[in-house]
Amino acid sequence: MTVVEIPSGAHMTEQWLGGRFRLDERIGLDDQVSGISGPCGSSWEARGLSLWKATDQLLNRPVTIYLLPRGPVPHAVVDAVQSAAKVSDPRLATIYDSDFDEQCAYIVTEWTPGTHLEDLVLSGLPNPALAAAMIADAADALAVAHQAGQPHLRLTPRSMRWDNASGLKITGLGLDAALCGPGADDPVAADTTALARMLYALLTGYWPGDEATALPPAPRHKGNVCTPRQIRAGVPAMLDAIAYRGLQGQAADAPLRPQTPAGMAMALRMVQRPSYRLERLESEPVSRPGGQQRPGRHARSRAGFRLRTTLLRPAT
């Protein structure tokens with residue numbers, strides 16, 4: 001077991017928390033807490049925030065523990081934990097327990113196996129149909145959270161994991177934003193745009209947002225982010241529109257412009273409807289694009305550098 005300095009308190013005995021949780025392995029903060037290593041989150045790390053894989057000795061299950069620095073816990077963190085703990089969805093990492101004692105405060109959440117979407121994209125792009133299904137699941141989960149009054153507010157490729165056995169899991173609901181800095185003026189729009197960015201990354205291998213990630217920044221044409229179809233052949237036109245219009249924040253009355261996580265999920269479910277035919281839907285994985293070169297002449301001609309509006313056609 002990793003040996004580190006851990007604050008001692010009434011709820012801690014050696015390497016145990018609350019007489020129940022055994023700390024097994026320290027985890028890098030940027031591995032689980034999306035954005036924690038950024039400007040807003042670095043002060044937490046400097047003050048002593050640490051993240052652990054631990055074992056719940058009572059229920060014999062792995063858990064994730066946020067071990068907070070000594071001192072009063074900010075109200076934003078307490079509120080986020082209490083609010084997120086009330087949200088129940090199998091695609092959202094559950095908050096199991098918390099203790100906000102100033103000498104040894106901690107938060108216990110579900111351990112989430114699998115691969116970050118960031119690493120998944122770097123290793124090879126999923127086919128567009130799977131990408132749509134994954135983000136539809138994420139959108140459904142966030143719709144449940146929004147209905148319960150708790151947005152995520154800091155959804156990044158490292159706060160979503162994919163496991164072939166258990167499927168998609170979103171971590172840090174509300175908590176990441178409370179730890180990492182100010183929230184959004186419009187939480188619904190913020191989470192919807194974040195979902196569109198995730199879809200864009202899964203379709204292209206590039207990141208269209210301003211956040212620092214391991215993914216290369218999305219290529220641009222005349223100052224605008226290229227559409228997925230300008231980057232990757234075979235992306236269905238409907239997915240291209242959902243991703244591009246979602247991240248561009250076009251007018252609310254624009255066709256296929258998702259305005260909420262629930263709207264995003266509904267739009268993506270249409271892609272999977274057997275009564276409609278999607279253009280050039282691929283069934284096998286495609287390697288991540290290499291380099292950031294601009295689309296070639298033939299690709300430009302094929303995509304036309306314009307978003308097509310005739311997207312959904314009845315099957316024939």
Side-chain angles (χ1 to χ4, degrees), residues 89-92 117 120-121 125-147 151-152 155 157 160 162 167-170 186-206 208-209 218 225-286 302-304 306-316:
D89 188 279
R91 295 156 296 195
L92 299 171
L117 257 63
L120 182 68
V121 168
L125 299 180
N127 67 69
L130 178 56
M134 292 168 68
I135 301 305
D137 273 352
D140 277 333
L142 288 188
V144 171
H146 278 253
Q147 189 172 20
H152 192 287
L155 194 66
M160 293 176 63
W162 173 259
L168 186 81
K169 188 75 73 171
I170 298 174
D186 188 339
V188 175
D191 279 355
T192 306
T193 300
L195 287 166
R197 290 174 178 172
M198 299 292 181
L199 178 60
Y200 188 100
L202 286 172
L203 291 174
T204 68
Y206 294 92
V225 172
C226 292
T227 70
R229 282 164 67 91
Q230 290 171 342
I231 298 172
R232 178 185 179 188
V235 173
M238 185 177 180
L239 286 183
D240 182 89
I242 293 171
Y244 187 73
R245 296 185 180 193
L247 65 90
Q248 289 294 104
Q250 294 185 10
D253 59 351
L256 297 177
R257 162 63 178 145
Q259 301 176 60
T260 65
M264 174 72 76
M266 183 179 298
L268 291 173
R269 296 300 182 200
M270 291 180 68
V271 178
Q272 301 168 301
R273 290 174 62 178
S275 57
Y276 289 93
R277 174 172 60 84
L278 293 172
E279 297 177 8
R280 305 181 62 180
L281 181 61
E282 296 175 344
S283 59
E284 62 277 333
V286 180
R302 189 165 50 243
R306 289 186 300 177
L307 194 64
R308 299 178 60 176
T309 56
T310 304
L311 305 174
L312 205 58
R313 302 178 180 177
T316 56

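Computed from a predicted model, the values in this text were never measured in an experiment. Note: hydrogens, waters and symmetry copies are ignored here, and every other heavy atom, side chains too, is used.
- Without hydrogens or angle criteria, D191 side chain to H152 main chain gives a donor-acceptor distance under 3.5 Å.
- Using a 4.5 Å heavy-atom cutoff, the side chains of I242 and I135 are not in contact.
- In terms of heavy-atom proximity, A196 sits nearest to A243 at CB-O, 3.8 Å.
- The shortest non-hydrogen separation linking A218 to V225 is CB-CG1, 3.7 Å.
- Here the CG-CD distance, from D240 to Q230, works out to 7.5 Å after rounding to the nearest 0.5 Å.
- The minimum heavy-atom distance linking V235 with R232 is given by the pair CG2-O, 3.5 Å.
- When all heavy atoms of L199 and A131 are compared, the pair lying nearest together is CD1-O, 4.1 Å.
- In this structure, the side chains of V188 and P151 stay at 4.5 Å or more apart for every pair of heavy atoms.
- No side-chain donor-acceptor contact under 3.5 Å links R197 to the backbone of P208.
- When the salt bridge (Lys or Arg N to Asp or Glu O under 4.0 Å) test is applied to D137, the partners found at least two apart in sequence or on another chain are R91, R269.
- Of all heavy-atom pairs spanning P128 and P236, the tightest one is CB-CD, 3.6 Å.
- Listed by chain and residue number, A184 satisfy the side-chain contact (heavy atoms from CB on, under 4.5 Å) test with A190 (two or more places apart in sequence, or in another chain).
- L142 is not listed as a side-chain neighbour of M264, based on a closest heavy-atom distance of 4.5 Å or more.
- Side-chain contact check for L202 versus M160: every heavy-atom pair is 4.5 Å or farther apart.
- Looking only at side-chain heavy atoms (C-beta outward), I231 and Y200 come within less than 4.5 Å of each other.
- Using a 4.5 Å heavy-atom threshold, the side chains of L168 and L117 count as touching.
- Closest approach of A141 and L92 over heavy atoms only: O-CD1, 3.8 Å.
- Counting only heavy atoms from C-beta outward, the side chains of T260 and H146 never approach each other to under 4.5 Å.
- Here I170 contributes atom CD1 and M198 contributes atom CE; the two are 8.0 Å apart, rounded to the nearest 0.5 Å.
- Between atom CG of residue L195 and atom CG of residue L247 there is a gap of 11.5 Å, rounded to the nearest 0.5 Å.
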